[in-house]
Amino acid sequence: MPVKTPFLLEEATEMEVSPVLQWAAFGIFAFISIAGALGMATTMSMFRSGIFLMASFIGVAGLFILLLADLLALLQIMMYIGGMLVMILFMLLFSGDPGGGMMSTHMRLRGPEWFFSLGLARSPSGTDGNNANDSSDKEEDQRDQARDSHQEEGEKEESNDMSMFTPAKRGAAGLALGIGVLLIALLLWRPHWAVVAQMPDPDSPRRIGHLLMDKYMIAFEGAGLLILLGIFGAVLLQRPGKYPDSAHREELRAAVEDAPAPVKTDPLKPLGLDRDREK
Amino acid sequence: MIAIPLTAFLLVAAVLFAIGLYAVIAQRTAVMVLMGIELLLNATGLNLVAFWRFTAPQDYSGQIFVIIIVTIGAIEMAIGLAIMMLLYRRHQTVQVDKYKELKG
């Protein structure tokens, strides 16, 4: 049931875009998405990683537009970039050092990042980061503070081993590279798909809405229910007063391997701890 | 008419998938692992949209899958955020290899 739409899109989709222009757009968007993803995976600063991820999402949204999935491009920008990335950046504020200053010495850095982190070299994991800060590395500490003066003392102490990658980084890179090469080889080995030379309907939001409310109604309602349950779960998880008392907490902290030094200020101290202490 | 072959889009998606996989495995912080998972979901969505456009452009079911994927990604991010905040309060760290128990 092709609906007549006095909409600009109808002419736009029937217009022939030159292949050169299409390839140029594809190249730009593919480059943005891949370069953004690479930057996300390799940068030492978590905040920069978030921004790189946003670039990658924008690139994929551009590819969606190129594929004439305009509603999905809009959804990509609004939900991923507008919603989830804000959530990611909020999460970054909880980690000790979103800006990437806390890099330990056993990490190999290159280029400008190595230069900027010269004064930020940390004692390797296992030794007391507190001592290294206070006594021996005075000037390092000063440079450190000059760079990220906004940081709290407590955060600096507890996260002296803040390298962003696992020790098995090489293995992970090899595995990911292997799987990527395998996927690409499989793609190039048999690139014969049943491709249809057809334009999609220009009125895609209407079609998608009809499908969601008709054929895929159970999936749609299920997703709604899932969102509701997810919100309930997130709120319930954040209920205060469900944490171990301080003694147990110290014990737990000691049990954790490479236990960080105790934090002086704990702005996130849940309410339940105070109540337990008063008793 | 689109001049770019389907394989080109699939190649981009495969590269994105590999990078996301690397991020998921190699990163130590929980946030970065979640970001890697988002990248994996994004690559999958790109694959689905490319297949929709090239093999069944009149049937919009392919896009429905992407919508469901985005929804699930949003929920996963919210729950991941909640769990990560809990773990941070509990263990004072966000590094996933420091978490030895999740029992509260």
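Here is the naming used below: chain letters follow the sequence lines, and residue numbers restart at 1 for every chain. None of the values given here were measured: they were computed from a predicted structure.
Contacts of B:Ile75 with chain A are made by side-chain atoms alone, with heavy-atom separations under 4.5 Å and no backbone atom involved. Only the side chain of A:Ile179 comes within contact range of chain B, with at least one heavy atom under 4.5 Å from a heavy atom of that chain. For B:Phe51, the part sitting under 4.5 Å from any heavy atom of chain A is the side chain, from C-beta outward, and nothing else. With a 4.5 Å cut-off on non-hydrogen atoms, A:Leu66 touches chain B through its backbone and its side chain both. With a threshold of 4.5 angstrom between heavy atoms, B:Phe17 approaches chain A through side-chain atoms but not through N, CA, C or O. The contact between B:Ile72 and chain A is made entirely by side chain atoms (from C-beta outward), counting heavy-atom distances below 4.5 Å. Only the side chain of A:Leu53 comes within contact range of chain B, with heavy atoms under 4.5 Å apart. For chain A, the nearby parts of B:Ala8 are the backbone and the side chain; heavy atoms of each come within less than 4.5 Å. For B:Leu6, the part lying under 4.5 angstrom from a heavy atom of chain A is the side chain only. Looking at B:Leu11, the atoms closer than 4.5 Å to chain A (heavy atoms on both sides) sit in the backbone and in the side chain alike.
Note: B:Ile64 leads B:Val24, B:Ile64, B:Ile79 in heavy-atom pairs under 4.5 Å with chain A. Counting heavy-atom pairs closer than 4.5 Å to chain A, the top-ranked of the candidates B:Leu21, B:Ile19, B:Val66 is B:Ile19. Between chain A and the options B:Thr55, B:Leu46, B:Ile4, heavy-atom pairs under 4.5 Å are most frequent for B:Ile4.
Rounding to the nearest 0.5 Å places OG of A:Ser56 at 11.0 Å from CD of B:Glu38. Here CD1 of A:Ile208 is found 5.0 Å from CD1 of B:Ile67. Values are rounded to the nearest 0.5 Å. Between atom CG of residue A:Leu67 and atom CG of residue B:Leu48 there is a gap of 11.5 Å, rounded to the nearest 0.5 Å. Note that CD1 of B:Ile25 and CG of A:Leu175 are 4.5 Å apart. Values are rounded to the nearest 0.5 Å.
Considering all non-hydrogen atoms of both residues, B:Gln58 and A:Pro200 come closest at NE2-CA, 4.0 Å. For A:Phe64 against B:Val49, the heavy-atom pair with the smallest separation is CE2-CG2, 3.7 Å. Shortest non-hydrogen contact noted between A:Thr42 and B:Tyr22 is CG2-CE2, 4.5 Å. What you find for A:Met40 and B:Gln27 is that their closest heavy atoms are O-NE2, 4.2 Å. Across A:Ala223 and B:Ile68, no two heavy atoms sit closer than the pair CB-CD1, 4.3 Å. Listed here is the closest heavy atom pair of B:Leu16 and A:Ser33: CD2-O, 3.5 Å.
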N/O donor to acceptor pairs below 3.5 angstrom from side-chain atoms of residues 72-80 of chain A, sequence neighbours left out:
residue: A:Gln76; atom: NE2; partner: A:Phe57; partner atom: O; Å: 3.4
residue: A:Gln76; atom: NE2; partner: B:Asn42; partner atom: OD1; Å: 3.0

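Legend: side chain to side chain donor-acceptor pair (under 3.5 Å) pairs involving residues 60-83 of chain B, not counting sequence neighbours, sorted by first then second residue: A:Tyr216-B:Ser61, B:Asp59-B:Ser61.
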